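Here the structure comes first, spelled out in C-alpha cells, and everything after it is commentary.
None of the values given here were measured: they were computed from a predicted structure.
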Amino acid sequence: MRRPFPARPRAGHAVPRRRHAASATWEVRTFVLVSAAICAVFLLVVLYLSQATTVATRGYETQSLERTRDELRRQNALLEVESARLDSPARIEAEAKRLGLVRAAAVPVVQAEPIAAKR
Amino acid sequence: MTERISPNRLRVLFALFAAATLLLSLRVGYWQTIGRTALLGAATDQLRSELVVEAQRGVIRDRSGAILATTVDLRSLYAIPKRIADHADAAAKLAPILATPAATIRAALDSGAEWLYLKRRLPEPVARAVEALAISGLGFEPEPKRLYPNDTLAAHLLGFVNDDGVGQYGVEGVYDRVLRGVPGSLVVERDPKDRELAVGLRTAVPPKNGADLVLTIDLVVQTAAERELRRAVEREKATSGSIIVLDPRDGAILALASSPTFDPARVVAADPEALRDRAVSWTYEPGSTMKAVTIAAGIDTHVVTPTTTYDDKGYAIIGGRRLNNAQGKVYGTTTVTQILERSANAGAVFVGSKLGQDPLYQYLRAFGFGTATGIDLAAEASGAVRPLAEWYPVDVGTIAFGQGIAVTPLQLAMAYAAIANGGTLYRPYVVAATRDADGEHRTAPAAIRSPISRDTADTLRAMLVSAVDRGISHGASLTGYSVAGKTGTAQIPSDDGRYVDDAYISSFAGFAPASDPRFVVVIVLERPQRKLLGTTTAMDAFHELAIDLLRNARIQPDRP
C-alpha cells in the first residue's frame, strides 16, 4: 500500500508567508533598533546640550556673583576708609571744639595702693 | 519629446565639479596643515584674553590698628563720544557734578577721540551722581587709589604713592616692595559679549597681595604732636618745625611731625619744600641742647662731676677766640649742674676743655652724631661731625655748646633717649610688624651700643630734671610729674661760613616722667619771630603735648 505523499505546500503560499513574516520581523527590529539608537543619540545630545547650557548659565551667574562680591568688597573698603576718617582724633577734636567742649584742665589720678590697703 | 543630455556636457560638468571639489579640498587641507597655526592664532586672539591681575597694595595701620593708608578701587569716568547723542547737553549735565567747566568737557567730547577719560578716580558720591544721569556713551572703569583717611596727618612719615603705583618718601618709599606685592595673571576665553566662557580655558596665577604694615605710631600722639607743632609754628611764624616723640625703652617712634606739610593724596599740588621731612632729612646746629651730651661725656670720663665748679666770667677764651654766654650774662661760681640750669656757654666750654678734642669727638660719634640712625624711613640725613683732623682749637668750645656741628632732630632725640633709658643707644624704627599670608613678623628693637654708663645716665637725668625744676627750662615742667629737659637756641650758618644775623633755631629736648621715662620729645622751630624767646614756645608745646601723652598712656604721677 502506498503511503500517501505528504501534501506539498502550495507554491507562493505557506513558505513565502513565513519568509515574509521573518523578513517583516527583521525590518521591524532593524527599524526599532535604528529608531532607538537615533532616539538615544538624540537624548544624549539633548542631555549634553542641556548640561552645557546649564554650565554656561551657571558660569555667567558665577561671574555675575563675583562682580557683585567685588563691588561689595569695594564698598566695604570705602566704608572702612570712611569709618577711619570719622574715627580720626583730629576730626573728633575739631567736632568737640565746634560743640563748645574744652579739654579737662586736670585729670585726678587715684592711687591704687592706698585703696587696696584700706580694703 | 525628451531632450537627451549630451554625455560630453555631463563630463564637463563632472570635471568642473571635481575641480571645484579638489580646490576646496586643497584649501581646507592648507588651512589644516600649513595655515593652521596662523588660523588658530587669529581664532585664539579673538577668543582668549590675557590679563595682569594687580596685587592689592598693603594697608598701613597705626599701633592700635587704625587705618593710616589703604588702597581702594575708585571709578574713573570715560566717554565714547560717538555714542553720546548730544555733547552739549551731556557737558552741561556733567559740569556741576565733576566741578569742571562745561566748555572743557565739551571740548574733550568734540576732540575726535574715540575713547577718553573725562575724570579719573572719582570720589564715590560723585561717581554715583554721574551714574544717576544715565547718559549713553559714558562708562566707568575701576582704578586703584591710595587713600589716607587722616588727610595730612603723618604725611612725611607715610610718604605717598605716585600715579604709577610706586611708593615714594616715608614708609611708602622704603617698604614699597613689601607693600606692593606680586601681580598675578589670568588667561580666559571670552564670548563676543566679553563674558568669560564657563566651559572654556581658564588659567589663573593668583596675585600675591602686599603685606600690611603696623607702625609704631600712635594716632592719638601723632594728632597731638601735629596740633602742637601747628600752634607753635603759627605763633612764632616759624619757617619750619618738627616734633619727634619716641619711646626711649626701645627706640620706637610714637609720632613724627614736620612743618610745612602736604596732602599725600594730592602731592602734585604740594610745594616741593614741603615734602622734606624736617625731623629726619634736615640738619641744623643744635645749640644748647648739645650741652647735655658734652656734660655726659665729661661725667662718663670722670673729668667733671655735677658739683665741679668753675668761675663764670660771662665768656671763655679758647683757641684765641672769645666765646660769650647768651646775652653776656655773668654767673660767677657755677657748678656743672648749674651749667645746664643756666645754659652757660662758658660752662660748656669749660667742660669741653677739660674733656679735650679727641674724647669729645669719640663721644659725639658714640651718641650717633654724624651717622644716619638707620631709621626705616626714606632720605635720612646723616648730619655732620667734621673729622678730628679738621678741627680748629676753638671747635672743642663751640661744639661743646652745639655750634659747628649739624644734627637731625631724630639724632638728638636718640641721644636724649640714651640718657633717659640708662645709657643705651637704640636704632629708631617706625614699622612694628609686617602682616602677610605667612602671619605677623614683629620688628625686634635693636640696641646699637652704650655710649655712656648707667651711672652717668642716671646722674645726667637728675641734672636735666634740675634744669627744668630750677633752670631756664622751667616752662616745660608738669604738675605731678618729673620732667628732664634742655632748651636750645642756635644761630643759622650762612653759605659764606658766617652766621645769619638775628635768625635762630629754637628747640627743646626732654623726657618724662624722669623717674621712669616713657617718652622723649624733641621740638625744633626754625626762625621763630620771637628769636631768642622761641624756646618758650617750644617748651609750651612740650608742656601741652606731654599732658596728652601722659593721659593717653595712663601714666601715674611720680610726684605729689
Chain A heavy atoms under 4.5 Å from B:Leu219: which part of the residue, side chain, backbone, both or neither?
both

Region of B:Val220 that comes under 4.5 Å of a non-hydrogen atom in chain A
both

Is there side-chain contact between B:Thr70 and A:Glu80, with heavy atoms separated by less than 4.5 Å?
no

Heavy-atom pairs under 4.5 Å with chain A are the metric here; pick the option from B:Glu226, B:Arg551, B:Gln556 that has the most.
B:Arg551

Portion of B:Leu74 that has a non-hydrogen atom of chain A nearer than 4.5 angstrom:
both

Look up atom NZ in B:Lys145 and atom CG in A:Leu78, then write down how far apart they are to the nearest 0.5 Å.
12.5 Å

Should we say atom CD of A:Glu95 is surrounded by more than 12 heavy atoms from elsewhere, each under 6.0 Å from it?
yes

Shortest non-hydrogen contact between B:Ile547 and A:Arg103, atoms and distance:
CG2-NH2, 4.2 Å

Select, from A:Arg91, A:Arg73, A:Gln75, the one with the greatest count of heavy-atom pairs under 4.5 Å involving chain B.
A:Gln75

Nearest heavy atoms of B:Ile67 and A:Ala84, plus distance in Å:
CB-CB, 4.1 Å

Can you establish whether the number of heavy atoms outside B:Arg120 located under 6.0 Å from its atom CZ is more than 12?
yes

With a 4.5 angstrom heavy-atom cut-off, is it the side chain or the backbone of B:Gln56 that approaches chain A, or both, or neither?
neither

Turns out that what part of B:Asp548 lies under 4.5 Å from chain A's heavy atoms comes down to both

At a 4.5 Å cut-off on heavy atoms, which part of B:Arg554 comes close to chain A: side chain, backbone, both, or neither?
neither

For a side-chain contact (heavy atoms from CB on, under 4.5 Å) check, start with the C-alpha distance between B:Arg75 and A:Arg74, then their side-chain angles and the critical distance, and finish with the verdict.
CA-CA 10 Å; B:Arg75 291 191 281 176; A:Arg74 196 180 74 85; 3.5 Å; yes

Value for CG (B:Asp73) from CG (A:Asp70), rounded to nearest 0.5 Å, stands at 9.0 Å

Would a distance-only check, ignoring hydrogens and angles, find a side-chain to backbone donor-acceptor pair under 3.5 Å from A:Arg85 to B:Pro149?
no

